[in-house]
2 protein chains.
Amino acid sequence: MSGKKNPRETTLTEEAYQKLRWDIVSGTLEAGSPLRLENLKQRYGLGYSPLREALNRLHSERLVMSVALRGFTVAPLSLTEMWDAVDTRIHIEAEALRRAIKFGDDDWETEVISAFHGLSLKAKKLEQMDTPPMEEMKALEDRHHRFHRALISACRSNWLLDFSDKLYVETERYRFPVLGGPRARPSRDLTLEHQEIMEATIARDAEKAIALLSRHYQRTGETLSARYQPDAKPMAAGADA
Amino acid sequence: MSGKKNPRETTLTEEAYQKLRWDIVSGTLEAGSPLRLENLKQRYGLGYSPLREALNRLHSERLVMSVALRGFTVAPLSLTEMWDAVDTRIHIEAEALRRAIKFGDDDWETEVISAFHGLSLKAKKLEQMDTPPMEEMKALEDRHHRFHRALISACRSNWLLDFSDKLYVETERYRFPVLGGPRARPSRDLTLEHQEIMEATIARDAEKAIALLSRHYQRTGETLSARYQPDAKPMAAGADA
DNA sequence: AAAATCCAGATTTTCGAAAATATCTATTTA
DNA sequence: TAAATAGATATTTTCGAAAATCTGGATTTT
């Protein structure tokens, strides 16, 4: 049932990319650790070519570092890099949201509402579970991404959308351990925050929607900071790298 | 003298990347045309692996399109894409320049001035030539990039710098045929524009510098539009793709 | 005739061996 | 002893053949 039939459904490069990406974002492959091709070949049962192509793609997304002739490593985590991603994301998506609110049509509104619902349902479901399985975490991530993408999807700029995606990937990595870690989501109602953003957007109140979205990201950054600061271990090299 | 000794100076992937990139940006490889591996293998005398890796890298920079199992093509040109790149660049670099002016130190100022001089000298030299050789064009491009990069180099955001680089590559492609084409640079003194930007920046007048930089990019967009509009042929598929 | 099926030929993708390069250890030299 | 050199090992990079997949045209079926 799981779809691993013989007739391949996609390229092996794509498979390698998805698996590596997940293992990095989820922390299975630790930040900073070297990615030896022989290891990966064993681990995923794939040849050199698809692995290299996947690693190069991940390099362009800044999830892995690469030094010519010296191979690949999982990109390090650092608070300053995290904040850079958060700040830049606010700058990019504020503009994108402004334009989406200006240009968005009925289909866009529908997609925003639909994505919000899909997200909040899944979030409620996961909240009630003690230890959600990986599959569910992944599904939640997908819906979260879909919602934020939907908000700005009508901005009519492929470049803004592209950059937003890049930054989503980056911040996903920092957010993940928080979600999975000590289930402390204190004094914060994410679903409410999403709902308020959604409502201001649909109401075409650009300034309010932008302010709410910015605050949403800002708070996420603060949560991550608080999470990492006390226990500096998981971070690669202090908060400076 | 040219450095093609046996002991390799860099990876073949890098070599493939540089050559392909240049051939695309300069228009030698026409927009939209297919990039068959067998051809490229002949053309550059390289094997499949380095070529594929280079093509994937160019794909992530949007210079080539890629469809799984159907190979690569040179990315099409379109006016709307060009304007998207220009507008996004203004948005990104305005913020980056604001921060650079805020944070920049003495070294930064020095680099900005130095880069400006390098650029204006080379520009003056090229202006006096009838048909500048490719090498000189390439050198001018490098200095032009160096100048614009220097302006924002002190912004303290790797993401803004990264995005700016991406957009530079994209716009370079559209700018190139204009430079090489009918040498009509009517009523426009690029060196003066650069100088004004540089001076406002060094004077730490953020608003003025941003306004000048934005206008600079805006005008470039208009020049390119005017260049392409009358003769719609060179564009890939109208102005909509 | 239109749609569906099947076959070459062309092209991409993948593999693992071979070449190139880096890294580590032992040995020599100053 | 410390620095320099050389050799052995580990790792990445590159190559071209083989496998998988697509494309377009001819043949068959409805």
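Chain A is the first sequence line, chain B the second, and so forth, proteins listed ahead of strands; every chain is numbered from 1.
Mapping A/Leu46 and A/Ala68 onto DNA chain C by nearest heavy atom places A/Leu46 closer to the 5' end of the strand.
Here C/dT11 presents its P atom at 15 Å from CG of B/Leu69, a figure rounded to the nearest Å. The interatomic distance linking A/His59 (NE2) with D/dT12 (P) rounds to 15 Å, in whole Å. Rounding to whole angstrom units, CZ of residue A/Phe72 and P of D/dT11 are separated by 15 Å. B/Glu14 has its CD atom 16 Å from the C1' atom of D/dT14, to the nearest Å. Nucleotide D/dT9 holds its P atom 22 Å from the CZ atom of A/Arg70, rounded to whole Å. Taking atom NZ of residue B/Lys41 and atom C1' of nucleotide C/dT11, one finds them 13 Å apart after rounding to whole Å. The CG-P distance, from B/Leu37 to D/dT21, rounds to 17 Å in whole Å.
For B/Thr11, no side-chain nitrogen or oxygen approaches OP1 or OP2 of D/dT12 to under 4.0 Å.
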Tabulate below the donor-acceptor pairs under 3.5 Å that side-chain atoms of residues 112-120 of chain A make, not counting sequence neighbours, or state none.
residue: A/Ser114; atom: OG; partner: A/Arg146; partner atom: NH2; Å: 2.9
residue: A/Ser120; atom: OG; partner: A/Phe116; partner atom: O; Å: 3.2
residue: A/Ser120; atom: OG; partner: A/His117; partner atom: O; Å: 3.2

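Within 4.0 Å (heavy atoms only), A/Leu51 reaches no atom of the nucleic acid at all.
Although no hydrogens or angles enter the test, the distance criterion places a donor-acceptor pair under 3.5 Å between the side chain of A/Asp84 and the main chain of B/Trp159. Side chain of A/Ser26 to backbone of A/Trp22: a donor-acceptor contact under 3.5 angstrom is found.
If you check the side chains of A/Thr80 and A/Ser78, you find a donor sitting under 3.5 Å from an acceptor.
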